[in-house]
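Data first, discussion second: the structure below is written as structure tokens.
Because the structure is a prediction, the values reported are computed rather than measured. Residue numbers begin at 1 in each chain, while the letters A, B, ... track the order of the sequences.
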Number of protein chains: 2
Amino acid sequence: MKSISSSVIRRLPRYYRFLSELDKKGIQHVSSRELAKRMCSTASQVRQDFNCFGEFGQQGIGYNVKKLKDEIENILGIKCHYRAILIGAGNIGTAIANQVVFENKCFDLVGVFDKDEAKIGQKIGELDILHTDDIESFCSINAIVTAILCVPKSEVEELSERLYNIGIRSFWNFSHFDLNVKFENVIVENVHLSDSLMQLCFRITQKSNSL
Amino acid sequence: MKSISSSVIRRLPRYYRFLSELDKKGIQHVSSRELAKRMCSTASQVRQDFNCFGEFGQQGIGYNVKKLKDEIENILGIKCHYRAILIGAGNIGTAIANQVVFENKCFDLVGVFDKDEAKIGQKIGELDILHTDDIESFCSINAIVTAILCVPKSEVEELSERLYNIGIRSFWNFSHFDLNVKFENVIVENVHLSDSLMQLCFRITQKSNSL
DNA sequence: TAGATTGTTAATCGATTAACAATC
DNA sequence: TAGATTGTTAATCGATTAACAATC
């Protein structure tokens with residue numbers, strides 16, 4: 001398998017989602033042209049993208065949906081079920097747990113923590129909300145790979161240090177605290193919603209300037 | 001002003017956030033080297049990025065934080081206060097409204113809608129939650145630029161058509177429904193949280209494979 | 001066979017990095 | 001003046017697009 005470039009990797013989740021849809025519908029083959037249309041891309045790019053990991057296409061017919069989907073699943077490591085904890089059971093934490101994490105095969109959410117006493121004992125999904133003081137003891141008896149940070153920026157500095165100290169090396173970070181700058185050799189996937197909103201703002205501005 | 005490439009645009013919100021921080025701290029100048037460190041980038045790239053919109057740097061001293069921040073503010077159109085409505089007052093919608101939209105100067109959130117009768121009349125921030133049936137009448141007396149879609153994928157198809165029909169041409173979309181494919185000449189900023197989670201999954205997988 | 005579509009090479013395009021004179 | 005740092009050009013690198021022979 002040739003190495004996969006970073007721009008291909010960024011596109012893999014979308015390919016995966018679309019191929020899953022096709023697979024559910026029972027569609028067995030799809031052409032690069034159709035995939036491109038759906039991805040807002042070009043047929044050439046789709047073929048180039050898939051070229052680097054084996055041969056799933058047949059001339060005149062297209063790509064085998066199921067095989068291609070399974071291959072991307074392997075590359076991404078979906079089905080690995082990495083064990084995760086979530087910290088911050090506010091609106092965003094609750095939404096993320098219910099609408100994204102529980103729906104997903106990549107990660108098993110096994111613990112939810114909050115520092116607000118009023119929330120302790122309430123549930124998110126099937127999980128009791130535990131106190132953040134108990135993170136260390138919880139993690140000492142549960143091997144945890146990833147922490148999902150849904151707490152305000154001001155709390156992330158101290159929290160991330162504690163998590164780092166108990167061996168957690170990957171983070172899904174919803175705050176603006178810059179974990180990459182604080183730690184080396186740590187995997188950080190940032191979700192900067194306000195950046196996304198500013199991008200939208202820019203595009204509206206650009207459009208109205210061009211009228 | 002030279003034209004701004006799309007990769008520069010993607011970085012502008014982060015520059016803006018960092019420059020705002022420096023400005024709040026009263027720091028007046030910053031070098032490309034420092035900015036690069038913070039951006040996980042290179043000094044060369046920072047200089048190249050700023051080169052395309054005027055001259056804010058002084059040899060030997062660095063960039064004027066305030067001027068540079070204001071310029072980016074203008075380019076992005078922050079302070080335009082585009083009027084927006086949000087549809088779907090669940091966990092994600094509530095979190096987005098409180099933690100992102102109300103905190104932001106780009107958009108003025110002026111209406112929140114949900115189809116769940118039980119939520120009608122409750123408040124998000126200072127706004128009463130209204131019924132989605134009332135979107136058309138609300139928008140006929142309030143000029144709305146943008147819709148923030150926090151409803152399940154299954155509802156977006158019909159909803160987006162209604163919004164399109166009353167003239168809304170930009171969307172901040174939290175569902176996986178593909179508005180770009182449905183409409184032309186519409187600005188869509190997608191937030192695909194599950195894609196982000198898959199990226200994280202991939203990076204963990206990649207790291208454990210390389211050990 | 002004719003039509004469709006892949007796999008792959010080559011060409012183009014754009015983004016990043018390196019280098020250094022200019023200048024504060 | 002010496003040190004720091006920009007602005008800008010040139011070189012490199014990588015990603016996208018075009019083209020077409022191979023083949024189902």
Side-chain angles (χ1 to χ4, degrees), chain A residues 1-15 18-19 22 27-72 75 180 195 199 202 206, chain B residues 1-15 18-19 22 27-72 75 180 195 199 202 206:
Chain A
M1 190 167 90
K2 299 165 208 170
S3 84
I4 303 175
S5 78
S6 66
S7 52
V8 176
I9 291 162
R10 249 180 287 132
R11 288 191 286 268
L12 285 183
R14 270 166 81 203
Y15 282 123
F18 186 44
L19 290 165
L22 292 177
I27 294 166
Q28 292 179 348
H29 294 94
V30 64
S31 68
S32 52
R33 217 180 101 265
E34 287 170 85
L35 272 169
K37 196 181 154 195
R38 176 59 187 248
M39 298 284 291
C40 298
S41 167
T42 64
S44 214
Q45 174 146 132
V46 171
R47 292 205 295 280
Q48 199 71 281
D49 283 353
F50 294 163
N51 197 232
C52 60
F53 51 91
E55 305 183 1
F56 300 93
Q58 269 186 303
Q59 280 104 327
I61 291 168
Y63 293 91
N64 182 314
V65 170
K66 186 137 186 38
K67 277 191 193 167
L68 193 51
K69 171 182 158 281
D70 288 347
E71 179 65 14
I72 295 178
I75 292 169
N180 288 299
D195 288 10
Q199 300 283 357
F202 170 77
Q206 192 183 37
Chain B
M1 192 167 89
K2 299 166 207 168
S3 83
I4 304 175
S5 79
S6 66
S7 52
V8 177
I9 291 162
R10 251 180 287 129
R11 287 189 288 267
L12 285 184
R14 269 166 80 203
Y15 283 122
F18 186 44
L19 290 165
L22 292 177
I27 293 166
Q28 291 178 349
H29 294 94
V30 63
S31 69
S32 53
R33 219 180 99 264
E34 288 170 85
L35 272 169
K37 197 181 155 196
R38 177 59 187 249
M39 298 284 291
C40 298
S41 170
T42 63
S44 211
Q45 175 147 130
V46 170
R47 292 205 293 280
Q48 199 70 280
D49 282 354
F50 294 163
N51 198 232
C52 62
F53 49 91
E55 304 182 2
F56 300 94
Q58 269 185 304
Q59 279 103 327
I61 291 168
Y63 293 91
N64 182 312
V65 169
K66 185 137 185 42
K67 277 192 192 166
L68 192 51
K69 170 182 158 281
D70 287 347
E71 180 64 14
I72 295 178
I75 292 169
N180 288 300
D195 287 11
Q199 300 284 356
F202 170 77
Q206 193 181 36

> Partner of C:dT8 by Watson-Crick or G-U wobble geometry, both contacts under 3.5 Å, or none?
Replying inline: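 Per the H-bond distance test, D:dA19.
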
> With both distances kept under 3.5 Å, what pairs with C:dG14, Watson-Crick or G-U wobble?
Replying inline: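 When the pairing criteria are applied, D:dC13 turns out to be the nucleotide that pairs with C:dG14.
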
Could you tell me whether [X] contacts a base, only the sugar-phosphate backbone, or nothing, with contacts defined as non-hydrogen atoms closer than 4.0 Å?
X	value
A:Arg10	nothing
A:Ser41	nothing
B:Phe50	nothing

> Start at the 5' end of DNA chain D and walk down; is the nucleotide closest to B:Gln48 or to B:Gly62 reached first?
Replying inline: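 It is B:Gly62, whose closest nucleotide lies nearer the 5' terminus.
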
>> Return whichever of A:Thr42 or A:Ile61 has its heavy-atom-nearest nucleotide of DNA chain D closer to the 5' end.
In response: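 Residue closer to the 5' terminus by nearest nucleotide: A:Thr42.
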
Between atom [atom1] in [X] and atom [atom2] in [N], what is the gap in whole Å?
X	N	atom1	atom2	answer
B:Arg47	C:dC20	CZ	C1'	10 Å
A:His29	C:dG3	NE2	C1'	17 Å
A:Asn51	D:dA22	CG	C1'	14 Å
A:Phe56	C:dT8	CZ	P	13 Å

> Centres of the B:Phe50 and B:Tyr63 rings: under 6.0 Å?
Replying inline: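 Ring centroids of B:Phe50 and B:Tyr63 are less than 6.0 Å from each other.
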
>> Any donor-acceptor pair under 3.5 Å linking the side-chain atoms of B:Ser31 with those of B:Glu34?
In response: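 Per modelled atom types, B:Glu34 and B:Ser31 side chains form a pair under 3.5 Å.
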
> B:Ser5 and B:Ser7: side-chain donor and acceptor closer than 3.5 Å?
Replying inline: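 The answer is yes; a qualifying pair exists.
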
> To the nearest 0.5 Å, how far apart are CG in B:Leu68 and NE2 in B:His29?
Replying inline: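 Answer for the CG-NE2 pair, B:Leu68 versus B:His29, is 11.0 Å.
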
> Does B:Ser44 make a side-chain donor-acceptor contact with the base of C:dA18, cut-off 3.5 Å?
Replying inline: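 Pair found.
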
> Counting side-chain heavy atoms from CB outward, which of C:dT16, C:dA18, D:dT17 is closest to B:Ser7?
Replying inline: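 Selected nucleotide: C:dT16.
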
